[in-house]
S.K.: 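Supplied in structure tokens, the structure appears directly below.
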Amino acid sequence: MSKITGRIFLIVEADRDGRYAKTIVQRCYPSIEVHLLPPKGHNRGIGALAEQIERLLKEALLKKQTAHEPACVAVLHDADESSTPNRNLHTIIRDACQKHKKQVILVLAKDEMESWLMADSGVCAWLDKKPKNWDEETHPSKTFESWLDKAGKGKYDDAIATQIAAKLMGDGGKVSPSLKSALQHLIDAPCTKSED
């Protein structure tokens, strides 16, 4: 385990997405520690994130102030452009982040986080697929579920999500513009400045 040189307090809409994002960041920046802050309660997703965003931002910014290493705060959620024509919840989250724009980075997975998985060489090799850009596809999660089914990996649940995270190489940014853009936020971020 490399020495921790920075921290990211990452607000996410769901544990599964957080697990994937944490793995991708740590593959690209091994000395960055990622702390996940999902909404509290059983209901997760964009609704819970919008409802709790102010509290989560306050908590993350406080943690950033008290961190021993350089730290960043980011909010990550699916863009949901194909599945959620009503943008009210997304607007609430965007506006809350805008209030702290000098301290908070808002990152969107286009259209869903699964598009990043389907661009990753490790996940694709595990499912006998070739990485490609799925950013512009509608409902990539449905395609990803069919990949899991065809490969005999089972239901797309939390148990399989742990296996998926372990297969991630973190190289999906080579073919996914939205993941490349997300990772570019970290290039000059305070939390990565100490990286060798």
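Heavy-atom basis, side chains included; hydrogens, waters and symmetry copies ignored. No experiment lies behind these values; they were computed from the predicted model shown.
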S.K.: Inspect the contact between Glu136 and Lys110 and indicate whether a charged nitrogen and a carboxylate oxygen are less than 4.0 angstrom apart.
M.R.: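 A salt bridge links Lys110 with Glu136.
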S.K.: How long is the span from the CG atom in Leu10 to the CD1 atom in Ile105, to the nearest 0.5 Å?
M.R.: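 Answer rounded to 0.5 Å: 10.0 Å.
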S.K.: So, do Leu62 and Gln65 sit near enough that their side-chain heavy atoms are less than 4.5 Å apart?
M.R.: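 A side-chain contact under 4.5 Å exists here.
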S.K.: Measure the spacing between CG of Leu36 and CD1 of Ile8 and express it to the nearest 0.5 Å.
M.R.: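 One finds 10.0 Å between CG of Leu36 and CD1 of Ile8.
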S.K.: Using the test side-chain hydrogen bond (donor to acceptor under 3.5 Å, both in side chains), find all partners of Ser141 that sit at least two apart in sequence or belong to another chain.
M.R.: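 In terms of side-chain hydrogen bond (donor to acceptor under 3.5 Å, both in side chains), with neighbours along the sequence ignored, Ser141 is linked to Glu112.
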S.K.: Could you note down all residue pairs passing side-chain hydrogen bond (donor to acceptor under 3.5 Å, both in side chains) where residues 8-18 supplies at least one of them, sequence neighbours left out?
M.R.: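 For residues 8-18: Asp15-Arg44.
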S.K.: By the salt bridge (Lys or Arg N to Asp or Glu O under 4.0 Å) test, which pairs, at least two apart or in different chains, include something from residues 167-185?
M.R.: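 Qualifying pairs, neighbours excluded: none.
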S.K.: Which heavy atom of Tyr20 sits nearest to which heavy atom of Ala161, and what is that distance?
M.R.: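 Minimum heavy-atom contact is OH-CB, 3.4 Å.
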S.K.: As an exercise, state the distance from SG of Cys191 to CG of Leu186, rounded to the nearest 0.5 Å.
M.R.: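 Rounded to the nearest 0.5 Å, the SG-CG separation comes out at 5.5 Å.
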S.K.: Sequence neighbours left out, what pairs pass ring pair (Phe, Tyr, Trp, His ring centres under 6.0 Å) with at least one residue falling in residues 49-80?
M.R.: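 Found His77-His90.
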S.K.: Could you please spell out the steps behind the side-chain contact (heavy atoms from CB on, under 4.5 Å) verdict for Leu37 and Lys63?
M.R.: CA-CA 11 Å; Leu37 297 165; Lys63 287 176 184 277; 4.0 Å; yes
S.K.: Run the salt bridge (Lys or Arg N to Asp or Glu O under 4.0 Å) test against Asp188 and tell me which residues pass, sequence neighbours left out.
M.R.: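 Once residues adjacent in sequence are excluded, the partners of Asp188 under the salt bridge (Lys or Arg N to Asp or Glu O under 4.0 Å) criterion are Lys193.
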S.K.: If you take all heavy atoms of Ala50 and Ile92, which pair is closest and at what distance?
M.R.: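 Smallest heavy-atom distance, with atoms named: O-CG2, 3.7 Å.
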S.K.: How close do Val12 and Pro39 get, counting heavy atoms only, and between which atoms?
M.R.: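 Residues Val12 and Pro39, closest heavy atoms: O-CD, 3.0 Å.
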S.K.: Under a 3.5 Å distance rule, please check whether Asp120 uses its side chain to pair with a backbone N or O of Met169 as donor and acceptor.
M.R.: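 Indeed, once roles are kept as given, a pair shorter than 3.5 Å links the two residues.
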S.K.: Among residues at least two apart in sequence or on other chains, which ones pass side chain to side chain contact (heavy atoms under 4.5 Å, CB included) with Arg7?
M.R.: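 Expected list: Ile4, Phe9, Glu33, His35, Ala67, Glu69, Ala71.
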S.K.: Can you see which heavy atom on Ile11 is nearest to which on Leu49, and at what distance?
M.R.: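 Heavy atoms of Ile11 and Leu49 come nearest at CG2-CD1, 3.6 Å.
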S.K.: Go through it in stages, so that I can follow the logic: the residues are Ile164 and Arg19, the test is side-chain contact (heavy atoms from CB on, under 4.5 Å), and I'd like the CA-CA distance, side-chain angles, deciding distance and then a yes or no.
M.R.: CA-CA 9 Å; Ile164 293 162; Arg19 189 177 306 145; over 6 Å; no
S.K.: Taking only residues two or more places apart in sequence or in another chain, which ones pass side-chain hydrogen bond (donor to acceptor under 3.5 Å, both in side chains) with Ser146?
M.R.: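 For Ser146, no residue satisfies side-chain hydrogen bond (donor to acceptor under 3.5 Å, both in side chains) once neighbours in sequence are set aside.
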S.K.: Quick one: pull up OG1 in Thr192 and CD1 in Ile32 and give me the separation to the nearest 0.5 Å.
M.R.: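 Answer for the OG1-CD1 pair, Thr192 versus Ile32, is 6.0 Å.
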S.K.: For Leu56 and Val75, run side-chain contact (heavy atoms from CB on, under 4.5 Å): C-alpha distance rounded to whole Å, both residues' side-chain angles, the deciding distance at 0.1 Å, then the answer.
M.R.: CA-CA 9 Å; Leu56 288 164; Val75 176; over 6 Å; no
S.K.: Do you know the tightest heavy-atom contact between Pro131 and Ala119?
M.R.: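 That would be CB-O, 3.3 Å.
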S.K.: State, with a plain yes or no, whether a side-chain heavy atom of Thr143 is found less than 4.5 Å away from one of Glu137.
M.R.: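 They are not in contact (no side-chain heavy atoms under 4.5 Å apart), so the answer is no.
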S.K.: According to ring pair (Phe, Tyr, Trp, His ring centres under 6.0 Å), does anything in residues 140-178 pair up with another residue at least two apart or in another chain? List the pairs.
M.R.: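 The answer is Trp134-Trp147, Phe144-Tyr156.
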S.K.: Output all residues satisfying side chain to side chain contact (heavy atoms under 4.5 Å, CB included) with Asp128, sequence neighbours left out; order by chain, then residue number.
M.R.: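 Counting only residues at least two positions away or on another chain, Asp128 forms no side chain to side chain contact (heavy atoms under 4.5 Å, CB included).
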S.K.: Do Met113 and Val175 belong to the same hydrophobic cluster, where Ile, Leu, Val, Met, Phe, Trp and Tyr are linked whenever their side-chain heavy atoms lie under 4.5 Å apart, directly or via other members?
M.R.: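 Unlinked, Met113 and Val175 end up in two clusters.
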S.K.: Any side-chain to backbone donor/acceptor pair from Ser181 onto Pro177? Under 3.5 Å, distance only.
M.R.: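 Not a single qualifying donor-acceptor pair exists.
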S.K.: With sequence neighbours excluded, give me every salt bridge (Lys or Arg N to Asp or Glu O under 4.0 Å) pair touching residues 90-99.
M.R.: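 Pairs touching residues 90-99 that pass the test: Glu54-Lys99.
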S.K.: What distance do Asp149 atom CG and Leu127 atom CG have between them, rounded to the nearest 0.5 Å?
M.R.: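 Atom-to-atom, Asp149:CG and Leu127:CG are 11.0 Å apart.
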S.K.: Suppose we screen for side chain to side chain contact (heavy atoms under 4.5 Å, CB included). Which residues come up paired with Gln163, at least two apart in sequence or across chains?
M.R.: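 By the side chain to side chain contact (heavy atoms under 4.5 Å, CB included) rule, Gln163 matches Trp126, Ile160.
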S.K.: I'd like to know if the side chain of Asp111 reaches the main chain of Ala79, judged simply by a donor and an acceptor atom lying under 3.5 Å from each other, with no hydrogens or angles considered.
M.R.: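 No; judged by distance alone, with no hydrogens or angles, the pair does not exist.
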S.K.: Heavy atoms only: give me the nearest Asp135-Ser176 pair and the separation to one decimal.
M.R.: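 In this case the closest contact between Asp135 and Ser176 is OD1-OG, 3.0 Å.
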S.K.: Kindly write out the residues that satisfy salt bridge (Lys or Arg N to Asp or Glu O under 4.0 Å) with Arg55, not counting sequence neighbours, or none if the list is empty.
M.R.: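 Testing Arg55 for salt bridge (Lys or Arg N to Asp or Glu O under 4.0 Å), a comparison that skips the adjacent residues, returns Glu59.
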S.K.: Measuring from atom CG of Leu61 to atom OG1 of Thr66, what distance do you get when rounded to the nearest 0.5 angstrom?
M.R.: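 Nearest 0.5 Å value for the CG-OG1 distance: 10.5 Å.
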S.K.: One pair to check against side-chain contact (heavy atoms from CB on, under 4.5 Å): Ile46 and Asp78. What are the steps and the verdict?
M.R.: CA-CA 8 Å; Ile46 199 74; Asp78 292 345; over 6 Å; no
